[in-house]
S.K.: 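Sharing a structure with you now.
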2 protein chains.
Amino acid sequence: MRNTLRAESGVRYLSEEQRADPLFTNSIARAMQVLAAFHHADHPLSLAEIATRAGVDRSAAQRIVHTLRTMGYITRDAEDRGFLPGIRILDHTLDYLRLNPLIQRATPVILELRRNVRERVDLSLFDGQRVVYAARMQSKRETFYATLVGHSVPTFCSSGGWAILARLEDEAVRAIVDASNRQPFTPRTLTDPEEIMAEVEATRARGYSIAVEQILLGEVAIGVAVTGPQGRPVAAIHVAGSLAEWTAEDFSTRVAPLALEAARAISQI
Amino acid sequence: MRNTLRAESGVRYLSEEQRADPLFTNSIARAMQVLAAFHHADHPLSLAEIATRAGVDRSAAQRIVHTLRTMGYITRDAEDRGFLPGIRILDHTLDYLRLNPLIQRATPVILELRRNVRERVDLSLFDGQRVVYAARMQSKRETFYATLVGHSVPTFCSSGGWAILARLEDEAVRAIVDASNRQPFTPRTLTDPEEIMAEVEATRARGYSIAVEQILLGEVAIGVAVTGPQGRPVAAIHVAGSLAEWTAEDFSTRVAPLALEAARAISQI
DNA sequence: ATTTAGTGTATTGTCAGGCGATACGCTTGC
DNA sequence: GCAAGCGTATCGCCTGACAATACACTAAAT
């Protein structure tokens, strides 16, 4: 738990701790930084780009990329124009998903839920300032991006995030909201901490959250928290529908009871 | 391309090449071996288990796990009983999926296909002796395992694998089939190389494959190859249905034209 | 045509820093 | 109660990762 801060930040690692922590192996950190160089890339990267994004020099990038490439974690682009993450990554994805007990329990339940509500159902995992989609059960129309495992959205403005925050102490909520980079996604995205706190309060009262056009225009989503040991929130179920078909009220009265039931089935204690 | 052999094998790395290749960084390889220690695990691993599975000594395992843990690639189990892959893995999953141009092109197409056929549709990527599921569009009933990205099935006995093999030279097919560990999944799984070659030949003739109960009893699947640059097979679309609802013939006459059309839309050249 | 900036790759001596043996404090289950 | 297992901490040695440098090649820009 104490180490998650570095992990939650999402991008930067390596600091003066390298000096402080004799067990921390820098060459591994550098290798992972090279893999993480792809995080905000939108095209194949050259060796030089990898070097700067990863914060290592050209030589290091060369050696590390070479090593990761012979192992299949990095590949050459099809047209030989740069480097891309390799298929070996997916082996580890599978390990993560398979071995995560929460996902094991949740999968059949949210499939059932999806069958009943016939809208998009997601399971997202709480990871500090963000929630990460781990299972996505798509409905009729979808965008490309929305279908990808590993996609994440901020905790402070997502239905699942609110549901999770509602299960935390006020000060913990505050800490997360304050630490978040509250860039609005739509004109209706709440960014004011007070408004967000009020929304969290409303979520506490009714037991689930209702997010209207927080991430995507035209979308209403309801979120329900999933709890783990000691009743702590560890994940959330989202159900998302279109405002072209539903009012927010109709949507929540129809979907919320089913989602709450599903969350209870997955939660521990 | 020359390096893929080591990657394709899927599990073992590190050999005498460490001596031969001055650019290959062993400490990175060891770190990735530690992550790969989870590949066939079915429970949280202890440090000692990680050490033996990764083929490193206890001290190395300690240091590497410590490093990967502070970065979020490995976590402690919820009940503190062992180590598990960490959520940071999913960040790289997203990078892989996002940046893979094939998956970018394929996603909307197979969503559309799924909508039309109303059966399970998968996109799997060719990776030597196996094909790896990269996108799964589930239908009504599903098992847990079947829904996971990163899951792979052998090339030699899957509908998608046959479709891919049909686009390769006979000798390349032979090489893959011979190199495969041909453990049958069901009593009907084809394991005899000659029978497999015949199936590949039939697939060439009709343009798509029909796999009846090769992986799962009660399941029929049709496979269509997706080609990349120079017309080489890089992936396959699978559509799977239940033998309780369909005969193999009815299923393929209904589904194959749509799947072929989808594959053409994704393929290059 | 010739330059220039950019690729990716190959080589090498030096010395940081990763290595692994060993010891410790804890929990768990005979 | 002991023993076996767990995860953690320490530390001197010497390997092997490091960074500087050079090179072959391509593709724009002069």
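Worth saying up front: this structure is predicted, and the values here are computed from it rather than measured. Lettering of chains follows the sequences in order, A, B, ..., and the numbering in each one begins at 1.
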S.K.: Mind calculating the distance between CZ (Phe83(B)) and P (dG5(D)) to the nearest angstrom?
M.R.: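 Those two atoms, CZ and P, are 17 Å apart.
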S.K.: Measure from CG on Asp77(B) to P on dT27(C) and round the result to the nearest Å.
M.R.: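 Nearest whole value for this atom pair: 18 Å.
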S.K.: Rounded to whole angstroms, how far apart are CG on Leu23(A) and P on dT22(C)?
M.R.: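 For the pair Leu23(A) CG and dT22(C) P, the rounded distance is 18 Å.
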S.K.: How does each nucleotide of nucleotides 15-25 of chain D score, in 5' to 3' order, for protein heavy atoms under 4.0 Å: base (B), sugar-phosphate only (S), or none (-)?
M.R.: --SBBB-----
S.K.: From CG of Leu47(B) over to P of dG20(C), roughly how many Å is that when rounded to an integer?
M.R.: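 Result: 14 Å.
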S.K.: Just checking Arg76(A): base, sugar-phosphate only, or nothing, at a heavy-atom cut-off of under 4.0 Å?
M.R.: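 It contacts sugar-phosphate atoms only.
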S.K.: Given side chains that start at C-beta, do those of Met32(A) and Met32(B) come closer than 4.5 Å, heavy atoms only?
M.R.: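 Counting from C-beta outward, Met32(A) and Met32(B) do come under 4.5 Å.
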S.K.: For Ala29(A), is there any backbone N or O sitting under 3.5 Å from a side-chain donor or acceptor partner on Thr67(B)?
M.R.: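 Answer holds: no.
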S.K.: When Thr93(B) is tested against each of Thr93(A), Leu97(A), Leu94(A), Val132(A) for side-chain contact (heavy atoms from CB on, under 4.5 Å), which residue passes?
M.R.: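 When side-chain contact (heavy atoms from CB on, under 4.5 Å) is applied between Thr93(B) and each of Thr93(A), Leu97(A), Leu94(A), Val132(A), only Thr93(A) qualifies.
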S.K.: What is the separation between atom NE2 on His66(B) and atom C1' on dC6(D), rounded to the nearest whole Å?
M.R.: 18 Å
S.K.: Rounded to whole Å, please give me the gap between CD1 in Ile74(A) and P in dT9(C).
M.R.: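 Whole-Å distance recorded here is 12 Å.
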S.K.: Could you tell me which non-hydrogen atom of Gln268(B) sits nearest to which non-hydrogen atom of Pro229(B), and how far apart they are?
M.R.: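 Between these two residues, the closest heavy atoms are OE1-CD, 3.1 Å.
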S.K.: Is the shortest side-chain heavy-atom distance between Asp127(A) and Leu90(B) below 4.5 Å?
M.R.: no
S.K.: Any side-chain heavy-atom pair from His66(B) and Leu68(B) closer than 4.5 angstrom?
M.R.: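 Of all side-chain heavy-atom pairs linking Leu68(B) with His66(B), none is under 4.5 Å.
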S.K.: Could you check whether Glu171(B) pairs with Arg174(B) (Lys NZ or Arg NE/NH1/NH2 to Asp/Glu carboxylate O, under 4.0 Å)?
M.R.: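 A salt bridge is absent here (no side-chain N lies under 4.0 Å from a carboxylate O).
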S.K.: With under 30° as parallel and over 60° as perpendicular, where do the rings of His92(A) and His39(B) fit, or are they tilted in between?
M.R.: tilted
S.K.: In dot-bracket, 5' to 3', how would DNA chain D read with Watson-Crick or G-U wobble pairs under 3.5 Å, [ ] for crossing ones and | for pairs to another strand?
M.R.: .||||||||||||||||||||||||||||.
S.K.: Please tell me if the side chains of Val65(B) and Val34(B) come closer than 4.5 Å, counting only heavy atoms from C-beta onward.
M.R.: yes
S.K.: Can you measure Glu49(A) atom CD to dG8(C) atom P for me and round it to whole angstrom units?
M.R.: 9 Å
S.K.: Send over the distance from Arg81(A) CZ to dA28(D) C1', rounded to a whole Å.
M.R.: 12 Å
